[in-house]
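Worksheet: the structure to be examined is printed underneath.
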Amino acid sequence: MPCNASFPRRLRSRAATLAAVAGGAVTVAWPFRGRVPFAAAPATSDITSVRRGYQQPLALATTGVSPPSSPGAQQPAPKAKKGDAKGVIPVALAGAAVLARSRGWVMAAAEGAAAKEKPPAKAPRIDAFDSMRFFLIAYIVCGHFISFAAPSAFAFKAVTQINVVVGAFFALSGYVAAYTTCEIGKREAKQRVTETPAPAFIIPRIFGYWPLHLLVLLIFSPMFIYADSLYNGPIVTAAHGLMSFFMISAWFPLHAEVWNAPTWFLGALTFATILTPYFIPVIAKQDKKSLRRTAFFLTLFGFLPKLGYLYDTNAWGFLEGAMSPKAFPNLAFFNFMRFNPVWAVFEVMLGVVACRLVMLDHSGEEPAPKVGILDTVLPLVGMVAVIILRATGVVALSDMIVRPLIFMPLFLLFLMGLHRSSILEKVTDPIAKFMAWRPLTWLGGLSFPIFVVHGPLGQLFYKKAIATKLFGGPMNVVQGPYFFWVYLLVVGVSAFLLNKFFMSSKAVASASKNVQEKVLKVL
């Protein structure tokens with residue numbers, strides 16, 4: 001039977017029209033509604049993910065034989081002869097194309113050119129992460145100065161586990177870095193990371209926090225210099241000033257908290273930031289299986305040095321945050337494990353890995369996980385429970401066990417659950433909705449100035465040498481434990497003013513940009 005006889009009469013004219021191009025290159029472009037129906041040996045395929053949770057084809061082209069030799073020329077359609085396969089193949093291809101069109105697919109002839117690729121999916125902003133910063137810094141601030149509020153033994157132990165919780169800041173920094181510098185649904189970093197020289201990537205990020213750090217150092221420098229020189233003399237004071245100015249105190253275990261004590265964190269974060277443009281492109285290329293393996297080894301190698309500390313000092317059951325410095329068997333060893341920037345890099349990288357696992361949810365590597373309320377509730381309950389159980393003494397485990405093996409995995413799972421819940425078309429997770437609440441995200445915008453200023457203000461009101469000189473004694477003695485709440489209010493107001501008149505200042509931004517350009521010229 002002739003090949004054309006197998007087609008319905010109403011399709012023959014379409015088949016005849018398409019038969020002419022069937023021997024050339026055929027490009028297929030489909031209006032897509034949710035799933036990939038088929039792909040007949042595609043020459044190129046680029047599929048990325050979108051927020052709704054299905055795969056969207058960006059470019060799918062099928063190349064046949066060579067196109068006509070001269071541009072614009074159309075080769076005559078081969079005639080089908082009985083027993084001649086060369087005549088049957090073009091008509092069969094045309095028939096398949098018509099059948100596809102009759103089912104709703106759009107077929108278009110082209111000369112071997114692939115369909116233009118759509119731009120990568122843009123990452124939606126996750127406001128809940130701003131609120132996360134506020135809750136973390138609120139815990140850190142209270143943990144540093146709660147002892148001056150005459151808390152109960154349970155409250156003191158529950159709020160002073162700051163060495164455990166601070167790891168969340170490093171992980172969150174890495175998570176956000178990956179979210180803003182890697183492609184969604186693709187195993188690659190964005191071009192602004194891979195094609196930007198490392199100094200041009202690093203310097204603007206450091207200048208995102210260094211100017212405010214320097215301003216606070218300048219404002220409180222008389223207090224820092226007075227107290228430091230009173231105990232250590234002018235030469236050591238000058239050395240401590242340089243360590244604080246250049247944010248390198250975290251490298252000195254027994255002097256990590258000189259001057260503005262909490263800003264040792266900035267030194268550790270700076271070291272991680274310097275390495276970021278080198279490790280993010282590597283992690284971005286990994287598939288989900290490789291990412292999980294990376295997370296395992298990062299956790300392992302981050303824990304092994306802590307295991308050495310635990311074994312050598314027999315600190316297995318310590319609640320370090322509630323201990324005085326003199327109670328440690330080896331304070332220098334503990335501080336080395338607590339402050340050293342190398343350990344911070346491991347946690348930043350873990351944040352990157354966790355984010356990439358979510359960003360590849362709809363890449364087609366694995367079935368996309370279902371999103372539910374338990375993704376956020378269970379990790380959150382676990383984090384709170386471990387802090388409470390340690391505070392009550394039910395669980396007696398050192399910070400160096402709880403942080404890498406319990407708290408950090410739970411926090412990363414919480415971030416991943418919050419991420420998945422926040423990018424849905426309709427957010428139904430109550431925790432995600434609560435943390436995206438505008439007042440909380442506004443407070444999250446104050447988290448960094450709160451972090452930078454709460455230490456100096458705490459010294460002003462509670463450091464004996466300073467407070468006695470100014471107020472006749474520490475304010476918890478002069479005014480009573482209630483003054484702790486006044487202190488928190490002063491910190492909040494100061495952070496608001498710093499944010500409004502310094503961090504949001506166009507003049508400061510312009511000056512910072514000019515300094516950055518000069519630094520980059522030198523580098």
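Each residue takes its place number in the sequence, starting with 1.
- For G445 against N499, the heavy-atom pair with the smallest separation is O-OD1, 3.8 Å.
- Looking only at distances, a side-chain donor or acceptor of K306 sits under 3.5 Å from a matching main-chain atom of G302.
- Atom CG of L254 sits about 12.5 Å away from atom OG of S249, to the nearest 0.5 Å.
- Closest of all the heavy-atom pairs between P277 and A198 is CG-CB, 4.3 Å.
- Using a 4.5 Å cut-off on side-chain heavy atoms (C-beta onward), P449 and F502 make no contact.
- The number of heavy atoms from other shown groups lying within 6.0 Å of NZ (K157) does not exceed 12.
- Between R390 and D399 there is a salt bridge, since a side-chain N of the basic residue sits under 4.0 Å from a carboxylate O of the acidic one.
- Classified by interplanar angle (parallel below 30°, tilted 30° to 60°, perpendicular above 60°), the ring pair H454/H144 is parallel.
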Problem set entry | side chain to side chain donor-acceptor pair (under 3.5 Å) evaluation trace for N330 with T313 | CA-CA 7 Å; N330 190 326; T313 62; over 6 Å; no
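- Counting only distance, with no hydrogens or angles, the side chain of Y139 and the backbone of V166 share no donor-acceptor pair below 3.5 Å.
- With respect to D361 and K288, a salt bridge is recorded, a charged nitrogen being found less than 4.0 Å from a carboxylate O.
- More than 12 heavy atoms of other residues, nucleotides or ligands lie within 6.0 Å of CH2 in W316, so this atom counts as buried by the packing criterion.
- Here F451 and F265 bring their ring centres to under 6.0 angstrom of each other.
- Aromatic rings from H240 and F224 are positioned such that their centres are separated by 6.0 Å or more.
- The distance from the NE2 atom of H255 to the CE atom of M243 is 6.5 Å, given to the nearest 0.5 Å.
- Listed for the Y179 side chain is a donor-acceptor partner under 3.5 Å among the backbone atoms of P124.
- Here the side chain of R403 pairs a donor or acceptor atom with the backbone of N163 at under 3.5 angstrom.
- Ring-centre distance between F271 and W251: below the 6.0 Å cut-off.
- Ring pair F328/F318 is perpendicular by interplanar angle, where above 60° counts as perpendicular and below 30° as parallel.
- Side-chain N or O atoms of S504 include none that pairs as donor or acceptor with a backbone N or O of F501 at under 3.5 Å.
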- Task: Take Y209 and T270 through the test side chain to side chain donor-acceptor pair (under 3.5 Å) and record every step on the way to the result.
- Result: CA-CA 10 Å; Y209 51 80; T270 298; 2.7 Å; yes
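- By the 4.0 Å N-to-carboxylate-O rule, R125 lies close enough to D130 to be salt-bridged with it.
- For the atom pair CG (L460) and CG (L470), the distance works out to 6.0 Å, reported to the nearest 0.5 Å.
- The aromatic rings of Y462 and F148 sit parallel, their planes meeting at an angle under 30°, below the 60° perpendicular limit.
- Tested against I387, the residues V395, V165, V159 include a single side-chain contact (heavy atoms from CB on, under 4.5 Å) partner, V165.
- Within the 3.5 Å criterion, the main-chain N or O of G444 finds a donor-acceptor partner in the side chain of S447.
- Here CZ of F411 is found 8.5 Å from CZ of F169. Values are rounded to the nearest 0.5 Å.
- Across every non-hydrogen atom of A495 and I450, the tightest pair is CB-CG1, 3.4 Å.
- The minimum heavy-atom distance between K433 and V427, with the atom names listed, is CD-O, 3.4 Å.
- The cationic atom of R205 (NZ for Lys, CZ for Arg) lies less than 6.0 Å from the six-membered ring centre of F201 and within 45° of the ring axis.
- V508 has its side chain out of reach of M503: every pair of non-hydrogen atoms, C-beta onward, lies at least 4.5 Å apart.
- For F245 and W210, the gap between ring centers is short of 6.0 Å.
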Item to complete: Test salt bridge (Lys or Arg N to Asp or Glu O under 4.0 Å) on E366 and R292 and set out the steps.
Response: CA-CA 13 Å; E366 300 176 0; R292 294 188 183 98; 3.0 Å; yes
From CA spacing to verdict: side chain to side chain donor-acceptor pair (under 3.5 Å), S290, R293 | CA-CA 5 Å; S290 299; R293 183 167 55 245; 3.3 Å; yes
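- Judged by distance alone, with hydrogens and angles left aside, the side-chain atoms of S229 form a donor-acceptor pair with the main-chain N or O of Y226 at under 3.5 Å.
- Side chain of D375 to backbone of G372: a donor-acceptor contact under 3.5 angstrom is found.
- The line from CH2 of W264 to CG of L266 is 9.5 Å long, rounded to the nearest 0.5 Å.
- F483 has its ring centre less than 6.0 Å from the ring centre of F461.
- No more than 12 heavy atoms of other residues, nucleotides or ligands sit less than 6.0 Å from atom CD1 of I235.
- Note: T263 OG1 to E257 CD = 9.5 Å, rounded to the nearest 0.5 Å.
- No donor-acceptor pair under 3.5 Å is formed between the side chain of E320 and the backbone N or O of V164.
- Side-chain rings of F484 and F145 stay apart, their centers remaining 6.0 Å or farther from each other.
- Contact check on R187 versus E365 returns a salt bridge, with a Lys/Arg side-chain nitrogen under 4.0 Å from an Asp/Glu carboxylate oxygen.
- Judged by distance alone, with hydrogens and angles left aside, the side-chain atoms of T180 form a donor-acceptor pair with the main-chain N or O of A177 at under 3.5 Å.
- Contact of the E188 side chain with the C182 side chain is not registered, since no non-hydrogen atoms from C-beta on lie closer than 4.5 Å.
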